[in-house]
Amino acid sequence: MADDVLPILMPNIEGNGDDSSSDSEREREDDENADGHEEEQQQQHPQEDDDDERKKKKKEKDKKKKKDAKRNINFDQSLPASHTYLGDDHEEYSGRTVLDDESFVNLPLLTLPSVVLIPGQTLPLQLFQPQTISMMRHVIQKDRTFGLVTSRYLDTSGPTLANIGTTAEIFSVKEEDEHGIETMRIKAMGRQRFLILETRRQADGITIGKVRILPEWEMPSGLEGAELRCHRLNNIPETTTAMEVAACGGPAGDRQPVARSRKNRYRAADWTWFPSWVYRQYDCDVLMELVKRELYSWNDTLQESIMPTNPSDFSFWVAASLPLDDGLRLHLLSINSAVQRLRCELSIMQKCTIMCCRDCGSQIAEKKDVFSMSVAGPMAAYVNPGGYVHETLTVYQVTGIMHHGRPSTEHSWFPGYAWTVAECRQCRHHLGWKFTPAKKKLKPEKFWGLCRASLLPGLRSDGGDSEETGWMPTM
């Protein structure tokens with residue numbers, strides 16, 4: 001028994017039971033190991049710092065490279081907006097037809113699936129059906145105005161017309177007769193919104209709609225009732241003193257000069273129940289600046305010169321530039337005020353972070369990948385040789401996409417570029433096209449055109465999770 005225990009008790013038995021030497025040796029060994037470990041850590045930290053620094057520099061370099069690639073465009077961006085692929089020798093029309101707000105009119109209706117026309121947006125058409133060509137000839141002889149309505153498949157019973165549409169005014173036409181087949185190429189401009197009250201089909205197959213032209217309300221300033229005459233500083237010289245303000249009916253006292261500034265616009269809020277920030281939420285100028293800031297976060301290459309200055313026109317231009325589904329676009333069309341429309345668009349842009357495949361929900365692109373290949377903006381409507389209209393968004397890079405077929409320059413919407421069909425890698429759904437230069441030294445070296453009808457905006461909640469498909473923007 002003692003022999004079995006002896007090896008375990010040996011350090012205490014030998015050396016008169018004193019284990020201080022062994023403890024000191026272990027302490028020295030521990031100290032040496034600790035010193036070595038510290039030296040290793042000191043050697044590792046600079047390496048980790050260097051790695052982090054290299055990664056940071058590489059990330060900044062890649063970011064700068066992408067930004068330079070988006071800015072480095074030598075392509076004539078006016079070509080897509082003029083739709084040169086439709087040919088030359090078009091008959092041009094000038095002038096404009098304006099229908100009275102709240103008026104009731106009968107309009108011939110053209111139905112296009114997955115196309116929601118926005119006022120100010122150009123609509124190219126290639127028509128082959130005899131009844132549609134006949135309708136357009138009658139429209140040209142009258143006032144060159146027809147109604148465009150989208151159709152949606154809400155159930156298995158068939159397509160359903162939306163109750164909101166937009167008038168389109170023809171400004172360019174070309175008719176051709178090849179081998180006995182009549183074709184008509186048209187360029188039209190979206191003008192006014194309307195609400196469909198009832199429809200009827202004529203004997204020739206043309207749909208006529210009784211519509212009400214929707215008004216575009218201009219909301220007065222929320223402080224209009226609280227503003228005194230002296231607070232309208234835009235009409236007061238910059239050197240006006242408080243004494244002169246008092247002479248206009250305002251409070252006297254302070255003789256300091258009254259400087260004209262933007263924040264003075266909200267001075268009247270001191271005489272109301274609400275603070276000034278409440279009124280800023282409904283100021284068109286403030287809303288336009290906020291929307292532009294969000295647009296630049298999407299596409300920092302956007303030029304402010306192509307943006308309309310009128311709040312109503314600007315709100316429609318933003319609606320036409322965003323990759324929204326039909327439901328959100330129709331929701332924007334139903335709003336009768338530029339202020340409320342801008343607030344709605346701002347809410348959407350703050351929520352939208354990515355673009356997904358409509359069928360499987362796979363991520364396709366991020367909002368920072370969007371850029372403009374046309375002076376009309378990052379998204380525009382184009383028509384293919386078969387007459388199908390695609391509202392196409394241009395992006396610098398994509399993910400989860402595969403390509404099918406060989407590049408072709410035939411009927412290219414971007415002259416000098418060849419297109420290749422692009423499909424979703426997950427579900428093989430058609431998403432758009434990849435464009436590569438057919439000419440040397442043409443930049444960008446590649447980009448993608450994604451169909452709006454094939455995308456869904458990835459609307460994120462504050463927690464980062466995807467929202468439900470029924471989410472609607474705040475008003």
Side-chain angles (χ1 to χ4, degrees), residues 57-90 122 124 126 172 174 185 187 296 298-306 321 323 355 364-386 388-425 430-452 454-455:
K57 289 182 179 180
K58 186 177 182 300
K59 188 175 181 181
E60 292 177 355
K61 185 177 180 181
D62 293 341
K63 186 177 180 180
K64 185 178 183 299
K65 184 177 178 181
K66 291 178 181 179
K67 182 180 289 188
D68 292 341
K70 291 170 72 174
R71 293 182 183 275
N72 191 11
I73 299 176
N74 58 12
F75 173 74
D76 187 356
Q77 294 174 300
S78 65
L79 296 178
S82 58
H83 300 275
T84 55
Y85 57 89
L86 291 178
D88 302 325
D89 301 328
H90 284 245
T122 301
Q126 291 204 81
S172 179
K174 182 179 181 179
R185 298 176 180 178
K187 300 176 190 177
Y296 289 134
W298 284 55
N299 178 11
D300 56 4
T301 63
L302 274 177
Q303 299 178 2
E304 192 169 356
S305 59
I306 69 174
S321 301
M355 285 152 282
I364 302 301
E366 299 183 12
K367 66 178 185 180
K368 64 182 180 181
D369 299 325
V370 177
F371 79 111
S372 298
M373 276 292 287
S374 170
V375 294
M379 186 162 63
Y382 305 98
V383 61
N384 65 11
Y388 198 93
V389 178
H390 294 276
E391 292 178 294
T392 305
L393 176 76
T394 51
V395 296
Y396 173 70
Q397 65 180 20
V398 295
T399 182
I401 277 185
M402 60 183 302
H403 303 98
H404 177 71
R406 295 181 178 180
S408 173
T409 58
E410 183 180 1
H411 205 81
S412 178
W413 300 330
F414 304 92
Y417 280 87
W419 52 267
T420 308
V421 176
E423 300 175 345
C424 176
R425 185 177 298 168
H430 174 251
L431 292 175
W433 303 266
K434 178 184 179 181
F435 290 89
T436 52
K439 300 179 180 180
K440 294 182 178 180
K441 298 182 180 180
L442 193 60
K443 293 184 179 181
E445 297 179 354
K446 63 180 178 180
F447 68 93
W448 284 261
L450 303 178
C451 299
R452 182 189 64 82
S454 299
L455 299 175

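Owing to the predicted nature of the structure, the values given are computational and were not obtained by experimental measurement.
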- Determine the minimum heavy-atom distance between Pro378 and Val370, stating which atoms define it. CB-CG1, 3.6 Å
- What distance do His404 atom NE2 and Thr420 atom OG1 have between them, rounded to the nearest 0.5 Å? 10.5 Å
- On a heavy-atom basis, the closest approach of Ile73 and Ser372 is CD1-O, 3.9 Å
- Query: Just by modelled atom types, is the Phe371 backbone N or O under 3.5 Å from a matching donor or acceptor in the Thr394 side chain?
  - Reply: yes
- Does the side chain of Leu86 reach to within under 4.5 Å of the side chain of Lys174, using non-hydrogen atoms? no
- Item | Shortest non-hydrogen separation from Thr409 to Ala418 and the atoms involved | CG2-CB, 3.7 Å
- Between Arg452 (side chain) and Thr392 (backbone), is there a donor-acceptor pair under 3.5 Å? no
- Beyond-backbone contact of Ser408 with Trp419, side-chain heavy atoms, under 4.5 angstrom: yes
- Item | Nearest non-hydrogen partners of Ile364 and Gly400, listed with the distance | CD1-O, 4.2 Å
- To the nearest 0.5 Å, how far apart are NE2 in His403 and CD in Glu423? 10.0 Å
- Task: Taking Trp448 for its side chain and Leu393 for its backbone only, find out whether a donor-acceptor pair lies under 3.5 Å.
- Result: no
- Message: Nearest 0.5 Å, please: how far is CG in Asp76 from OG in Ser82?
- Response: 8.0 Å
- Message: Would you say that Leu450 contacts Pro323 through its side chain, given a criterion of any heavy-atom pair below 4.5 Å between the two side chains?
- Response: no
- Message: So, using salt bridge (charged side-chain N to carboxylate O under 4.0 Å, His left out) as the criterion, who are the partners of Glu304 when residues are at least two apart?
- Response: Lys292
- Item | Interatomic distance, Tyr382 atom OH to Cys451 atom SG [nearest 0.5 angstrom] | 11.5 Å
- Distance-only, no hydrogens or angles: does the Gln126 side chain make a donor-acceptor pair with backbone N or O of Asn384 under 3.5 Å? yes
- Stepwise side-chain contact (heavy atoms from CB on, under 4.5 Å) check, Asp369 with Val398: CA-CA 8 Å; Asp369 299 325; Val398 295; over 6 Å; no
- Of the options Phe414, Tyr396, Phe75, which is the one that meets Phe447 in a side-chain contact (heavy atoms from CB on, under 4.5 Å)? Phe414
Identify each donor-acceptor pair in which a side-chain atom of residues 430-442 lies under 3.5 Å from a protein atom, sequence neighbours left out, and give them as a table.
from	atom 1	to	atom 2	distance (Å)
His430	NE2	Gly432	O	3.2

- Query: Can you tell me how far the CG atom of Leu79 sits from the CE atom of Met373, to the nearest 0.5 Å?
  - Reply: 9.5 Å
- Query: Does atom NE2 of His411 have more than 12 heavy-atom neighbours from other groups under 6.0 Å away?
  - Reply: yes
- Taking the side chain as every heavy atom from C-beta outward, state whether Tyr417 and Pro80 have any pair of such atoms under 4.5 Å apart. no
- Note on the structure: Taken in chain and number order and not counting sequence neighbours, the residues that satisfy salt bridge (charged side-chain N to carboxylate O under 4.0 Å, His left out) with Glu366 are Lys368
